Amino acid sequence: MSEETSLWQFPAGPGLLMRPWRESDVPAVRDAFNEPGMYLQFGSVLEEGTVDDAAAARWIARYEERKQEGTAYSWAVTDGPGPSATLLGQVAVTNVNNVHNWGWVSYWTVGAARRRGVASAAVRRLSTWCYAELGTHRLELGHRTDNEASCRVALAAGYRVEGLQRDKLRYGGVRYDVETHARLVTD
């Protein structure tokens, strides 16, 4: 393991590891985003079932570019170390603002990892990393109000509800309200 990899790899919870993305993750990322409804998390306007290997590779590469710029940091969440580990999800901090010391948290899990505490454990670990390594004071996240599972993750990770953004997101012709949450280093 290189020094760079070891600096970016750490336990996220019992049996969980957060590690840098690898080229070998492309098929797992493709499959994750092609699960029903997951295309909404892909970060661009796509239709269900349209994420191919090239799109998954671009998604991984975009996070690597943003890491080099110091504006976003993303990890694969797996069930352990090594090449045989299974991808369970992703956790990231984006829109890192070093003037006001805040960032935007996002996360997702594959179907098999849902309702197992994977996302909330990874968000808690990410938050600790952000406070210690980035000097972040405030972390924010949001979820569609119809995504109760995401709300449970936010609350379990210590993020307090702060408000409602009406009609913030649009997927196809449907607009969604977003509930916002935040966690301070002092919480």
Side-chain angles (χ1 to χ4, degrees), residues 1-30 32-33 38 40-44 51 55-83 85-110 113 117-143 150 153-154 156-160 162 178 180-187:
M1 176 180 356
S2 72
E3 183 178 338
E4 171 66 12
T5 300
S6 65
L7 292 174
W8 292 94
Q9 179 171 294
F10 39 80
L16 301 176
L17 182 75
M18 289 169 49
R19 63 155 173 81
W21 290 101
R22 302 174 180 153
E23 188 176 324
S24 61
D25 291 325
V26 166
V29 169
R30 177 203 61 220
F33 283 125
M38 277 295 293
L40 298 175
Q41 305 299 320
F42 192 67
S44 61
V51 178
R58 285 191 305 273
W59 183 87
I60 291 171
R62 186 175 76 229
Y63 270 113
E64 183 58 32
E65 291 167 6
R66 293 168 76 191
K67 179 175 124 182
Q68 297 305 318
E69 296 166 356
T71 61
Y73 304 89
S74 174
W75 287 267
V77 180
T78 66
D79 63 359
T86 301
L87 178 69
L88 301 176
Q90 179 256 10
V91 65
V93 59
T94 62
N95 300 326
V96 173
N97 182 310
N98 293 313
V99 174
H100 300 290
N101 304 104
W102 69 272
W104 184 262
V105 172
S106 64
Y107 47 88
W108 54 260
T109 56
V110 300
V118 171
S120 57
V123 171
R124 281 192 300 272
R125 182 61 180 95
L126 171 74
S127 302
T128 299
W129 181 87
C130 288
Y131 301 139
E133 299 299 322
L134 299 180
T136 306
H137 179 78
R138 176 184 173 85
L139 293 169
E140 302 174 358
L141 62 84
H143 60 83
S150 191
V153 168
Y159 283 70
R160 298 179 187 177
E162 288 200 334
V178 171
T180 59
H181 296 245
R183 181 174 160 186
L184 305 179
V185 68
T186 54
D187 287 343

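Since this is a predicted model, take the numbers as computed values, not measurements.
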Are [X] and [Y] close enough that some pair of their side-chain heavy atoms sits under 4.5 Å apart?
X      : Y      : value
Arg19  : Pro81  : no
Thr180 : Glu140 : no
Leu17  : Trp75  : no
Trp21  : Leu87  : yes
Arg66  : Asn95  : yes
Cys130 : Tyr73  : no
Glu64  : Pro20  : no

If I compare all heavy atoms of [X] with all of [Y], which pair ends up nearest, and what's the gap?
X      : Y      : answer
His181 : Ala154 : ND1-CB, 3.7 Å
Thr109 : Val118 : CG2-CG1, 4.0 Å
Ala122 : Val77  : CB-CG2, 3.9 Å
Val51  : Ala56  : CG1-N, 4.2 Å

Is there a donor-acceptor pair under 3.5 Å between the side chain of [X] and the backbone N or O of [Y]?
X      : Y      : result
Asn101 : His137 : no
Arg183 : Leu141 : no
Thr136 : Arg138 : no
Tyr107 : Ser150 : yes

Tell me whether the rings of Trp59 and Phe33 are parallel (<30°), tilted (30 to 60°) or perpendicular (>60°).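 Aromatic pair Trp59/Phe33 classed perpendicular.
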